[in-house]
**Q** 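Sharing a structure below in structure tokens format, with a few things to ask.
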Number of protein chains: 2
Amino acid sequence: MKTCPETTVRAWVNLVRVEQKLLADVEAELKAAGCPSLAWYDALLELSRAPGGRMRPVDLERAMLLPQYSTSRLVDRLVKAGLAIRQVCPIDGRGQFIEISGEGRRLQKRLWPFYAEAIQRHLGARLSREEIARLGSLLGKLV
Amino acid sequence: MKTCPETTVRAWVNLVRVEQKLLADVEAELKAAGCPSLAWYDALLELSRAPGGRMRPVDLERAMLLPQYSTSRLVDRLVKAGLAIRQVCPIDGRGQFIEISGEGRRLQKRLWPFYAEAIQRHLGARLSREEIARLGSLLGKLV
DNA sequence: TTCTTATAGATGCGATTGCATTCATGTGTC
DNA sequence: GACACATGAATGCAATCGCATCTATAAGAA
């Protein structure tokens, strides 16, 4: 197909396949260890890194590249689980602040070792250092 | 974290983020053009390439790296849409053959240009030829 | 002010997913 | 054959997703 060389198709197919498989494997491993979903972890990490431990849903949405309704519901669940707290936003009456709770921070920290180990086993251990670095950098250009 | 170097985490994060964004973008583009989901396309492609245009659900499942129930339901929809035909499997009484229909083949062929163009625009056009090739090959080692 | 348009966020509803289980057939052992 | 166990496939149910829409506030124009 002249609009799309074979190498591009190969990269695409591999990208999709690899990501889905890795994500499913890591997720399954975490679930088996009694951990909540990766999305929760990501959200908690974003919140914990934000100044004051809080973000507006819009910003969380952009940071996580999620659709708006998805963020809205994720936040719902975090709040319901006591991992985050909803606050009114003094700057913008339409908005709010989501602040990570102490429990949220603790969970995030407790989760990291599991997460890291899963990533290392499924990704890190299967390529050389140089390959990992190159992969990360190539993908970085696409973010 | 000593079990997981920073470069590995970077590769992981980029991999997940890039794939999700690209997939969502391409999928949205196809949907806007009235095309069915990518999963349908992939399944039709697998079937069309298989000898006799047919595969056992188990094999389709392995080829697409999907969970079993997912394949089962995908096949359901394809059959319901007239794009594939369920056949009894003479070799194994538990199994079946799924054969792509004429309409299925036509749809697959009709879809490809849209698909290719979207891949080219979102992935191919954003890296050099060499980079694409390297990306594809690095990811290939992880399949 | 009033009207229009843009943005933040929530939500109803139908489609899809994940999990666990079920059913049916195949395989191996005795 | 009779049994236990493995494998192919479907499905009930709850959770989640995607889409479209809705509410409320903000920002700007007339």
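Chain letters run A, B, ... following the sequence lines, proteins first, then strands; residues in each count from 1. These values consider heavy atoms only, across backbone and side chains, with no hydrogens, waters or symmetry-generated copies.
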**Q** Can you find a side chain N or O atom of Ser72(A) that sits less than 4.0 Å from OP1 or OP2 on dA10(C)?
**A**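 It does, given that an N or O in the side chain of Ser72(A) lies less than 4.0 Å from OP1 or OP2 of dA10(C).
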**Q** Nearest whole Å is fine: how far is dT25(C) P from Arg56(B) CZ?
**A** 14 Å
**Q** Starting from the 5' end of DNA chain D, give me the residue, Val75(B) or Ser70(A), whose nearest nucleotide shows up first.
**A**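 On the 5' side of the pair lies Val75(B).
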**Q** Could you tell me if the side chain of Arg110(B) sits less than 4.5 Å from the side chain of Cys35(B), heavy atoms only?
**A**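 Heavy-atom side-chain distance check fails, nothing below 4.5 Å.
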**Q** Have a look at Gln108(A) and tell me which of Trp40(A), Tyr115(A), Tyr41(A) forms a side-chain hydrogen bond (donor to acceptor under 3.5 Å, both in side chains) with it.
**A** Tyr41(A)
**Q** Using a distance-only criterion (donor-acceptor N/O pair, under 3.5 Å, no hydrogens), is the base of dA8(C) paired with the side chain of Gln68(A)?
**A** no
**Q** Could you check which residues of residues 84-100 of chain A get a heavy atom under 4.0 Å from DNA chain C? Sort them by number, please.
**A** Arg86(A), Arg94(A), Gly95(A), Gln96(A)
**Q** Using whole Å, report how far CD of Gln20(A) lies from C1' of dG18(C).
**A** 15 Å
**Q** Among dC17(D), dG18(D), dA8(C), find the nucleotide with the atom closest to the side chain of Arg77(A).
**A** dC17(D)
**Q** Take a 6.0 Å sphere around CZ of Arg49(A) and say whether it holds more than 12 heavy atoms from other residues, nucleotides or ligands.
**A** no
**Q** Can you tell me the distance, in whole Å, between the CG atom of Asp76(B) and the P atom of dT17(C)?
**A** 12 Å
**Q** Taking NZ from Lys31(A) and P from dT17(C), how many angstroms apart are they, rounded to a whole number?
**A** 15 Å
**Q** To the nearest Å, how far apart are Asp59(A) CG and dA8(C) P?
**A** 9 Å
**Q** Does the side chain to side chain donor-acceptor pair (under 3.5 Å) test come out yes or no for Gln87(B) and Glu99(B), once each step is laid out?
**A** CA-CA 7 Å; Gln87(B) 297 169 337; Glu99(B) 181 177 354; 2.5 Å; yes
**Q** Starting from P on dG18(C), measure out to CD on Glu61(B) and report it in whole angstrom.
**A** 13 Å
**Q** Does any pair with a residue in residues 88-97 of chain A pass salt bridge (Lys or Arg N to Asp or Glu O under 4.0 Å), and if so which ones, sequence neighbours excluded?
**A**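 Checked against salt bridge (Lys or Arg N to Asp or Glu O under 4.0 Å) - neighbours excluded - the pairs reaching residues 88-97 of chain A are Arg56(A)-Asp92(A), Asp92(A)-Arg94(A).
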**Q** Specify the separation, in whole Å, of atom OH of Tyr69(B) and atom P of dT16(D).
**A** 13 Å
**Q** Heavy atoms under 4.0 Å, any strand shown: does Arg73(A) hit a base, just sugar-phosphate, or nothing?
**A**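 Arg73(A): base contact, heavy atoms under 4.0 Å.
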**Q** Nearest whole angstrom, please: distance from the P of dC19(D) to the CG of Leu66(A).
**A** 14 Å
**Q** Mind running side-chain contact (heavy atoms from CB on, under 4.5 Å) on Asp42(A) and Val16(B) for me, showing each step along the way?
**A** CA-CA 11 Å; Asp42(A) 281 352; Val16(B) 174; 5.7 Å; no
**Q** Please assess Val18(B) against Leu15(A) for the test side-chain contact (heavy atoms from CB on, under 4.5 Å), listing each intermediate value before the final yes or no.
**A** CA-CA 9 Å; Val18(B) 165; Leu15(A) 179 63; 4.1 Å; yes
